[in-house]
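Below: one structure, written as structure tokens.
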Amino acid sequence: MALLADERSQIVSSHKRHEKDTGSVEVQVAVLTAEINAISEHLQTHKKDHHSRRGLLGKVGHRNSLLRYLARIEPARYQALIQKLGLRK
């Protein structure tokens, strides 16, 4: 369920803001979105896996916190990010 190193590096390279960027809000939200999607797929087949469900809820809450921060600080970057990731907000 965890992202592989090459998948993570591809996500980082497609969302980074400058050459050495690995921790901006956009990168963090994109990585969390990929992890959320992977866990959601896992839970489709393993409905009683409550440990993974709890982890999923933590990741969703963290992503929501980051998105609220970005919307408050720079609304234009927030709109661009949710359009790029296809999130409903």
Side-chain angles (χ1 to χ4, degrees):
M1 285 189 299
L3 291 177
L4 299 175
D6 58 338
E7 293 173 344
R8 185 179 176 92
S9 64
Q10 179 192 23
I11 292 169
V12 169
S13 65
S14 64
H15 289 88
K16 62 185 176 182
R17 300 187 68 211
H18 54 81
E19 189 61 35
K20 294 184 178 184
D21 180 20
T22 58
S24 67
V25 176
E26 289 91 344
V27 171
Q28 291 181 52
V29 169
V31 169
L32 281 170
T33 300
E35 291 174 351
I36 288 168
N37 291 339
I39 295 173
S40 295
E41 281 185 31
H42 170 78
L43 288 174
Q44 293 295 320
T45 56
H46 302 92
K47 296 185 187 313
K48 295 186 178 184
D49 188 358
H50 299 295
H51 290 45
S52 293
R53 188 174 312 277
R54 185 171 191 276
L56 173 68
L57 292 175
K59 289 181 187 296
V60 169
H62 189 201
R63 182 179 70 177
N64 284 340
S65 298
L66 290 170
L67 286 172
R68 279 195 313 266
Y69 166 77
L70 189 60
R72 188 177 71 239
I73 299 302
E74 288 194 40
R77 280 175 48 198
Y78 168 77
Q79 289 297 325
L81 181 63
I82 63 172
Q83 287 292 332
K84 189 171 184 180
L85 294 176
L87 299 175
R88 294 177 286 150
K89 283 285 177 172

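Every heavy atom of this structure was used, including side-chain atoms; hydrogens, water molecules and symmetry mates were not.
With sequence neighbours excluded, the residues forming a side-chain hydrogen bond (donor to acceptor under 3.5 Å, both in side chains) with E74 are R77, listed by chain and number. With sequence neighbours excluded, no residue forms a ring-ring contact (aromatic ring centres under 6.0 Å, His included) with H62.
Atom CD1 of I39 is separated from atom CG of L56 by 5.5 Å, given to the nearest 0.5 angstrom. Here NE2 of H46 is found 9.0 Å from OG of S52. Values are rounded to the nearest 0.5 Å.
Taking hydrophobic clusters as Ile, Leu, Val, Met, Phe, Trp and Tyr residues chained together by side-chain heavy-atom distances below 4.5 Å, L4 does not share a cluster with V27. There is no path of hydrophobic side-chain contacts, each under 4.5 Å, that joins L57 to L43. Under a hydrophobic clustering in which Ile, Leu, Val, Met, Phe, Trp and Tyr are joined whenever their side-chain heavy atoms come within less than 4.5 Å, directly or via other members, L32 and Y69 fall into the same cluster.
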For a side chain to side chain contact (heavy atoms under 4.5 Å, CB included) check, start with the C-alpha distance between H15 and V29, then their side-chain angles and the critical distance, and finish with the verdict. CA-CA 9 Å; H15 289 88; V29 169; over 6 Å; no
Start with the C-alpha distance between I11 and L3, add both sets of side-chain angles, then the distance that settles side chain to side chain contact (heavy atoms under 4.5 Å, CB included), and finish with yes or no. CA-CA 10 Å; I11 292 169; L3 291 177; 4.1 Å; yes
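No donor-acceptor pair under 3.5 Å is formed between the side chain of R63 and the backbone N or O of V31. Side chain of D21 to main chain of G23: a donor-acceptor pair is present (N/O by atom type, distance under 3.5 Å, no hydrogens or angles).
A pairwise comparison of heavy atoms in V25 and L66 identifies CG1-O, 3.8 Å as the closest pair. Of all the heavy atoms in K16 and E19, the pair that sits closest is NZ-O, 3.6 Å.
Within a 6.0 Å sphere centred on CD of Q10, heavy atoms belonging to other residues, nucleotides or ligands number 12 at most.
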